[in-house]
Amino acid sequence: MRLVTVLAALSGALAVAAGAFGAHGVTGQPAEWLRTGGQYQLIHAVAALVAVRMGARISPWLFVGGSGVFAGTLYLMALGMPRWLGAITPIGGAALIAGWICLAVGAARR
């Protein structure tokens, strides 16, 4: 769980950087993508850290991986990569939802 903790912390740092760049470095749709990606990534970095603390095994990985895919595709599009990457974004969102479901099931079983 040390690795997922490190990744969650780095994910939080990247989310803040993306949000700052979205607020001060770009305008229009790219700024929205950076803002949305940063918001989701930061929330799920914290969720991963809390889930680790709770002793969860699967949900922290789903939070870190899902937010990486979700936010990462938005960040790449904001930086000028092809918009077809937006078709991949929902895969990250599905992983985030799965992480919350896994966390709920684990908590219910305790």
Shared hydrophobic cluster for Leu34 and Leu76 (ILVMFWY, side-chain gaps under 4.5 Å):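 No; Leu76 is not reachable from Leu34 via cluster members.
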Linked, directly or transitively: Val26 and Met77 (ILVMFWY side chains, under 4.5 Å):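 No, because Val26 and Met77 fall into different hydrophobic clusters, even though each may have its own neighbours under 4.5 Å.
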Using a side-chain heavy atom cutoff under 4.5 Å and only I, L, V, M, F, W and Y, what cluster partners does [X] have?
X: Leu10; result: Val6
X: Ile58; result: Leu62
X: Val4; result: Met1, Leu3, Leu7, Val52, Trp61, Val64

What's the shortest heavy-atom distance between [X] and [Y], and which atoms?
X: Gly38; Y: Ala15; result: O-CB, 3.4 Å
X: Gly22; Y: Ala31; result: O-CB, 3.4 Å
X: Gly99; Y: Ser59; result: O-CB, 3.2 Å

Ring geometry between Trp100 and Phe63 (parallel below 30°, tilted from 30 to 60°, perpendicular above 60°):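 The rings of Phe63 and Trp100 sit tilted, inter-plane angle from 30° to 60°.
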Ring pair (Phe, Tyr, Trp, His ring centres under 6.0 Å) against Phe70, all qualifying residues, sequence neighbours excluded: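 With neighbours one apart ignored, the set is Tyr40.
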Listed once per pair and sorted, the side-chain hydrogen bond (donor to acceptor under 3.5 Å, both in side chains) pairs that draw on residues 69-90, sequence neighbours left out: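 The answer is Gln41-Tyr75, Thr73-Thr89.
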From Trp33 atom CH2 to Leu79 atom CG, the distance as rounded to the nearest 0.5 Å: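 Going from the CH2 atom of Trp33 to the CG atom of Leu79 covers 10.5 Å.
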Rounded distance (nearest 0.5 Å) linking atom CE of Met81 with atom CG of Leu74: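 It comes to 13.5 Å.
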Any salt bridge (charged side-chain N to carboxylate O under 4.0 Å, His left out) pairs touching [range], not counting sequence neighbours?
range: residues 58-67; result: none
range: residues 18-38; result: Glu32-Arg35
range: residues 16-31; result: none
range: residues 56-75; result: none

Could you pull out all donor-acceptor pairs under 3.5 Å where a side-chain atom in residues 90-98 meets a protein atom, sequence neighbours excluded?
none

Please table the atom pairs, donor to acceptor, closer than 3.5 Å between any side-chain atom in residues 101-110 and protein atoms at least two apart or in another chain.
unit_1 : atom_1 : unit_2 : atom_2 : d
Arg110 : NH1    : Met54  : O      : 2.6
Arg110 : NH2    : Met54  : O      : 3.1

